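Structure record follows, encoded as structure tokens.
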Amino acid sequence: MFALVDCNSFYASCERVFRPDLRDRPVVVLSNNDGCVVAGSAEAKALGIRTGVPLFQVRDLIRKHDVAVFSSNYTLYGDLSRRVMTTLATLAPKVEVYSIDEAFLDLSMVPEAQLQVLGEQLRERVARWVGVPVCVGIAPTKTLAKLANHYAKRLGSGVEVWARPEDWQAVLGQTPLGDIWGVGRRLVARLEALGIHNGAALAALEYDWVRRHFSVVQARMVRELNGEPCLTLELQPPPRQQIIHSRSFGQPVVSLPPLRQAVNDYTARAAEKMRMEGQLAGSVSVWLRTAPMGKPQQLWPDSLSRDLPQASADTRELARLAVQLLEQLWKPGLRYGKVGIMLTDLRPAEHAQGGLFEASKTRQGEALMAVMDSINRSGKGRVWLAGRGVKTRQECVWSMRREYLSPAYTTRVSDLPRVS
DNA sequence: TCTGGGGTCCTAGGACCC
DNA sequence: TCTGGGGTCCTAGGACCC
């Protein structure tokens, strides 16, 4: 048996943890750059504010109903997510962290009669220890556990246990295709065209037929809907294959120097993340997008990539290459809205192939990066490459809009909430 | 006028190998 | 006149997830 634990309106719930005055007020959280709504509390959804809608389209609703608005505060959400996951592990030690707000748990050792009680314990403990509401779906496959969770949320029961086929069979008949994990927009259209309109019809399909007409992924899903597990708990996430860092700018950027700084900054962030995971990159890509969206002023190319002579995790080498690519992409007079960098062809550092003449240089670079990382993690200050410029993020012309940012309640001493 | 930022997996087809 | 069988690697495109 698997449990899928999913936090309710996670980002909005995080904003409420240290703001009990918001308990009954609608809350929405915006994307980076305050562009669109990425999360809304139940009250906000009831007002018709959908996830993904641009902010300017719901301004009136927000004003009229006194909706509390927040910029994304990933520092806060990431920290609360970690707390949720460690809390879950106190009741079910095998946890697969599936996303920032979801985890699969292995409940194979739990007797059927105790599943319901355990589900309720999970909810209560996370609510008490972290302050975030969660729902729990329990079933013999991950796909069914996902769906059970969906119903736990929708019915308001909080916990749904599907231990036997009769528990889910009736429900599948009422389930729209798009509610099933792994069925997106395109698949809904293709299935509908074939006369398949709900979860029960999907589950009734023959494995081989699905395998032939769709792919092995959908064929497995059909088996999972019948209670036959094809997916297992992944306790150790496989090493990442690529690291992307990209941001929209708060305002369009025309000149090259600020773009160089942004590319330096993004590359440094991505490289730091890569080093934390013990990997090297073999290749770097950069792309540029003009602003505003949907009005392409730039034709081709808008992205470039190049292999490194030797795989590296040295910010200096990666940033130098990324800036070269940027300079090839940039055209005078265009207004740019976004730049992104991607590190690909990642491989474990211990498998690194040494260059014939580069050994000592590489070792020096590694030592330098290690020192930089340890200073930056010490909490006492930061060091960076001069190419990034000396302004703080907020002062840069390329920085993103974050008009409604909440404090870093749990990760910055000066932002600790006061209790009176 | 104003619209995010990450990721993964699968398949088909082409090129090439023995 | 007759013309095999078994592979790998790469890329583009399509699909999905949060």
Side-chain angles (χ1 to χ4, degrees), chain A residues 4-11 28-39 49-60 62 69-74 77-78 81 96-104 142-143 146-147 149-150 177-191 210-221 224 230-231 234 237-252 262 266 269-270 273-274 277 283 285 287 289-296 303 305 307 335 337-346 400-403:
Chain A
L4 187 272
V5 182
D6 191 320
C7 302
N8 303 352
S9 314
F10 182 56
Y11 298 168
V28 297
V29 177
L30 306 177
S31 64
N32 274 341
N33 222 27
D34 294 344
C36 45
V37 174
V38 292
I49 301 177
R50 297 183 333 277
T51 293
V53 68
L55 175 62
F56 70 89
Q57 289 180 10
V58 287
R59 284 250 191 234
D60 290 344
I62 285 172
V69 178
F70 291 95
S71 303
S72 286
N73 185 345
Y74 285 100
Y77 313 150
S81 170
E96 173 187 335
V97 177
Y98 175 67
S99 73
I100 194 164
D101 75 328
E102 282 175 72
F104 285 104
K142 282 182 158 182
T143 305
K146 266 286 227 188
L147 196 57
N149 184 289
H150 179 78
L177 293 171
D179 287 355
I180 294 164
W181 190 38
V183 183
R185 236 177 44 243
R186 310 296 184 114
L187 232 37
V188 170
R190 280 177 67 192
L191 289 165
V210 180
R211 176 74 188 79
R212 265 200 316 278
H213 289 83
F214 293 88
S215 86
V216 67
V217 177
Q218 285 74 36
R220 274 191 214 126
M221 177 178 72
E224 288 240 324
C230 299
L231 306 171
E234 289 187 28
R240 205 188 296 276
Q241 301 181 24
Q242 57 184 34
I243 296 177
I244 295 175
H245 198 98
S246 70
R247 290 284 179 275
S248 299
F249 307 133
Q251 55 198 46
Y266 300 175
R269 304 262 162 184
K273 186 170 177 183
M274 184 171 67
E277 298 180 7
S283 186
S285 310
W287 65 91
R289 199 189 68 197
T290 51
M293 266 177 73
K295 294 186 185 164
S303 79
S305 56
D307 292 348
R335 292 152 51 86
K338 178 179 183 173
V339 66
I341 72 107
M342 177 158 67
L343 304 179
T344 53
D345 199 7
L346 301 191
M400 61 186 178
R401 258 195 309 271
R402 295 176 98 181
E403 241 177 273

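Quick note on labels: first sequence line is chain A, next is B, and so on, each numbered from 1. Only a predicted model underlies this, so the values are computations on that prediction, with no experimental measurement involved.
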Notebook entry, point to check: Is A/Asp101 touching bases, backbone alone, or none of the nucleic acid, heavy atoms closer than 4.0 Å?
Noted result: sugar-phosphate

Checklist line | Sugar-phosphate only, base, or nothing, as touched by A/Arg211 at under 4.0 Å among non-hydrogen atoms | finding: sugar-phosphate

Notebook entry, point to check: Contact class for A/Gln241 (heavy atom, under 4.0 Å): base, sugar-phosphate, or nothing?
Noted result: sugar-phosphate

Next item on the list: Could you run through DNA chain B and flag its stems, i.e. three or more consecutive Watson-Crick or G-U pairs with both distances under 3.5 Å?
Entry: B:5-18 with C:5-18

Note to self: Students often get this wrong, so: under 4.0 angstrom with heavy atoms, is A/Arg59 touching a base, only sugar-phosphate, or nothing?
What the structure shows: nothing

Next item on the list: Search all heavy atoms of A/Leu55 against all heavy atoms of A/Asp34 and return the closest pair with its distance.
Entry: CD2-O, 3.7 Å

Margin query: Reading DNA chain B from 5' onward, which residue's closest nucleotide shows up sooner: A/Ser246 or A/Arg401?
Written below: A/Arg401

Notebook entry, point to check: Earliest and latest nucleotide of DNA chain C, 5' to 3', sitting under 4.0 Å from a non-hydrogen atom of chain A?
Noted result: C/dA15 to C/dC18

Next item on the list: Please round to the nearest 0.5 Å and tell me the distance separating atom NZ of A/Lys142 and atom CD of A/Glu96.
Entry: 3.5 Å

Checklist line | Partner set under salt bridge (charged side-chain N to carboxylate O under 4.0 Å, His left out) for A/Lys146, not counting sequence neighbours | finding: A/Glu102

Margin query: So A/Ile100, base contact, sugar-phosphate only, or nothing? Heavy-atom distance under 4.0 Å.
Written below: nothing

Margin query: List the residues meeting salt bridge (charged side-chain N to carboxylate O under 4.0 Å, His left out) with A/Asp179, not counting sequence neighbours, and say none if there are none.
Written below: none

Item checked: A/Ala270 versus A/Ile243, closest heavy-atom pair with distance -> CB-CG2, 3.8 Å

Next item on the list: Have a look at A/Asn33 and say if it touches a base, only the backbone sugar-phosphate, or nothing, with a 4.0 Å heavy-atom cut-off.
Entry: nothing

Note to self: Test of understanding: with ring pair (Phe, Tyr, Trp, His ring centres under 6.0 Å), list the residues that count as partners of A/Tyr98, not counting sequence neighbours.
What the structure shows: A/Phe104, A/Trp181

Checklist line | Residue pair A/Ser246 / A/Lys338: nearest heavy atoms and the distance that separates them | finding: OG-CE, 3.6 Å

Item checked: Contacts of type salt bridge (charged side-chain N to carboxylate O under 4.0 Å, His left out), residue A/Glu277, not counting sequence neighbours -> A/Arg240

Check: Minimum heavy-atom separation for A/Tyr77 to A/Ser71, with atom names?
Finding: OH-O, 3.7 Å

Note to self: Taking any heavy-atom pair under 4.0 Å as a contact, classify A/Val183: base, sugar-phosphate, or nothing.
What the structure shows: sugar-phosphate

Next item on the list: Remember a base hit wins even if backbone is also touched, and classify A/Leu30 as base, sugar-phosphate or nothing at under 4.0 Å, heavy atoms.
Entry: nothing

Notebook entry, point to check: When the C1' atoms of C/dG4 and B/dC17 are considered, how many whole Å apart are they?
Noted result: 15 Å

Notebook entry, point to check: A/Ser215 or A/Arg247: which one's nearest nucleotide on DNA chain B is closer to the 5' end?
Noted result: A/Arg247

